Amino acid sequence: MAWRGGLSEDGRLVLFAEVIGMATVAEDVIAAVGTAPGEAGIAVIRVSGPGCVQVVEQIFRGRQSLKDAPSHRMVYGAVVDPDTAEVLDEVLVVRMQAPRSYTGEDVVEIHTHGGSAVVGRVLNAVVRAGARPAEPGEFTKRAFLNGRLDLSQAEAVIDLIRSKTDAARRLALEQLKGGLSARVKQMREILLDVMAQIEVTIDYPEHDVEDVTIEQIREAVDQVREQIDELLASSRVGRLVREGVRTAIVGRPNVGKSSLLNALAGRERAIVTAIPGTTRDVVDEWIHVRGVAFQILDTAGIRTTEDEVERIGVDRSLKWVEEADLVLCVLDGSSPLEKEDLELLERIKDRPFLLVVNKIDLPQRLTGDGRLEELPQHRIVRVSARTGDGVQELADRMARVVLGGEGVSASSCMVTNMRHMALLKEAREDLDAAERAVSEGWTVDVAAVDLRAAWEHLGDILGERAGEELLNRIFSQFCLGK
Ligand SMILES: Nc1nc2c(c(=O)[nH]1)N(C=O)[C@@H](CNc1ccc(C(=O)N[C@@H](CCC(=O)O)C(=O)O)cc1)CN2
Ligand SMILES: Nc1nc2c(ncn2[C@@H]2O[C@H](COP(=O)(O)OP(=O)(O)OP(=O)(O)O)[C@@H](O)[C@H]2O)c(=O)[nH]1
Ligand SMILES: [K+]
């Protein structure tokens, strides 16, 4: 049985097994289909828990008995109905002996033909032989409870399954491999060291070590705060990579917004017409650039209008300027700047934006009163949505604005999870409080309280004191069979 340790209010080390409820879950054998439903080449039914080998043994017929089969080695055979001995499917079975398995328990996997009738009968046989259907996320929850994964790694499993782009996959895998956990543990070590030093100071006040200790507290606080800030700074890009970049195309009517969306998406999507004001609702398209997903929103052309429906569209476009992660402001290069263009330039200049000068295939007549020259020139991209000229450059520039240059490297550790971000912020506040305590001349035991709070908040990222409620909230987001 795996127990988890933590510090109590008064600083003693205590064990939290009762909070997690280990003993009750470890006993039963669970089973679920691990592969997607529907017709497929094969399906995998996963069975986990002490005694799962005996459960599957009852319905497996092979040249070799399962319990004699070596761990992690496929065995060929058949699954039979436990009551009638009817052969249900021809299968491959593999056992993974505890603790060398995904859950850390004994695991048996049955690889069947994929198909609902086959899978239904085999799963039913497994259940009648003594397993119970698993809840969503229960395999991964057991991996956590058995100490195979910490909570941030378990959360990475969901992200990995959900990742739609290569960059999102890389970030999730890095977290699953313990990239974030290692950073968090390192910070906790620093805090634990200084907390121990404070104990010494409190226990032996006659040794006059208080000054040294205060210096150490300052150093630890600075070091950990710097690391937290670095992680929090990564979270903006991390979340954009994980969730996609909401990109609004804005501009006055007929500058070519819908055409640009189509050019970026590489196919006809929005309605393109020569009548100004055609696009009245938001049309969107997902594109992938350098492993990052952009949700491109084509908004209604921005102009003052009497038309009620059109005005609602315009209001919504202006809202997108404020809410989008990236704004593509489109100008028509073949005509001079108009009042609406200038207003828009004013609105976007504090937002992450690129200025797209469209229609470069036509004679260029874009002139303003020097406003364009005031803008950072690397923010301006010239394209023709009609011919496709410059569109690739625009896509590259979009990726660069979001990723800030280098992109997502294989080793980068980024915080993408709201729960982790909130805990890092709390830990940072605890550290600020600890620093204030020493600066204001309080005795070191005052700072100790704040340092311990920071240590605990960081531990919460790893799930050190996670109660049943939090675990259920996290694992219920998983799909069945994970
Ligand atoms: N068939 C199958 N494929 C799968 C999974 C699975 O559970 N079953 N996984 C589920 O998500 C992922 C792989 N994750 C796994 C993680 C650890 C172990 C495991 O047995 N670990 C032992 C291996 C020791 C060794 O031979 O080196 C260990 O760590 O001790 C298996 C799968 C993706 N593919
Ligand atoms: N020559 C040329 N014409 C273009 C280009 N891009 C768009 N157009 C034309 O400009 C007109 C307006 O294009 P749309 O893409 O519908 O413009 P919009 O900004 O979405 O217009 P609204 O929906 O009214 O806001 C159409 O006739 C397009 O064919 C371009 O790069 N070059
Ligand atoms: K349009």
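Both counts, for ligands and for their atoms, begin at 1 and track the order of listing. It should be emphasised that the depicted structure is a prediction, and the values quoted were computed from it without experimental measurement.
Ligand-side atoms of ligand 1 in range of Glu109: 1 (N), 2 (C), 6 (C), 7 (O), 8 (N), range being under 4.0 angstrom from any heavy atom. Listed by atom number, the atoms of ligand 2 under 4.0 Å from Ser259 heavy atoms are 6 (N), 7 (C), 13 (O), 14 (P), 15 (O), 28 (C). Those atoms of ligand 2 with a heavy atom of Lys257 less than 4.0 angstrom away are 15 (O), 17 (O), 18 (P), 19 (O), 20 (O), 21 (O), 22 (P), 25 (O). Below 4.0 Å from some heavy atom of Ser258 lie the following atoms of ligand 2, by number and element: 15 (O), 18 (P), 20 (O). Applying the 4.0 Å criterion to heavy atoms of Lys482 picks out, from ligand 1, the atoms 10 (C), 11 (O).
Heavy atoms from both the backbone and the side chain of Asn254 come within less than 4.0 Å of ligand 2. At a 4.0 Å heavy-atom cut-off, ligand 1 touches Arg148 through the side chain alone.
For atom 15 (C) of ligand 1, the closest non-hydrogen atom of the protein is Tyr102 CD1, 4.0 Å. Nearest protein heavy-atom contact of atom 27 (O) of ligand 1 is Arg100 NH2, 4.7 Å. Ranking protein heavy atoms by distance to atom 7 (O) of ligand 1, first place goes to Arg46 NH1, 2.6 Å. In terms of protein heavy-atom proximity, atom 20 (O) of ligand 1 is closest to His72 NE2, 2.7 Å.
Annotation: Asp298 places no N or O atom under 3.5 Å from an N or O atom of ligand 2; distance criterion only. When only interatomic distances are considered, the shortest N/O to N/O separation between Ala385 and ligand 2 falls below 3.5 Å. On a distance-only criterion, Asp361 and ligand 2 share at least one N/O pair closer than 3.5 Å. Ligand 2 has an N or O atom lying under 3.5 Å from an N or O atom of Gly256, backbone or side chain.
Arg419 CZ: more than 12 foreign heavy atoms inside a 6.0 Å radius. Open room surrounds CD on Glu469; 12 or fewer heavy atoms of other groups in view lie less than 6.0 Å from it.
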Check against side chain to side chain contact (heavy atoms under 4.5 Å, CB included), Leu264 and Val391: CA-CA 7 Å; Leu264 280 167; Val391 173; 3.9 Å; yes
Run the numbers on Ser335 and Arg252 for side chain to side chain donor-acceptor pair (under 3.5 Å), then give the verdict. CA-CA 12 Å; Ser335 69; Arg252 76 177 152 74; 3.2 Å; yes
Would you please test Val402 and Asp325 for side chain to side chain contact (heavy atoms under 4.5 Å, CB included) and show each step? CA-CA 9 Å; Val402 172; Asp325 301 312; over 6 Å; no
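Annotation: cation-pi pair Arg379/Phe353 present, NZ/CZ under 6.0 Å from the ring centroid and within 45° of its normal.
Asp361 and Thr387 share no donor-acceptor pair across their side chains, judged by distance under 3.5 Å alone. For the residue pair Asn358 and Lys257, no side-chain donor N or O sits within less than 3.5 Å of a side-chain acceptor on the partner.
Of all the heavy atoms in Cys479 and Ile161, the pair that sits closest is SG-CD1, 4.4 Å.
Considering only non-hydrogen atoms, atom 6 (N) of ligand 2 lies nearest to Asn358 out of Leu362, Val383, Asn358.
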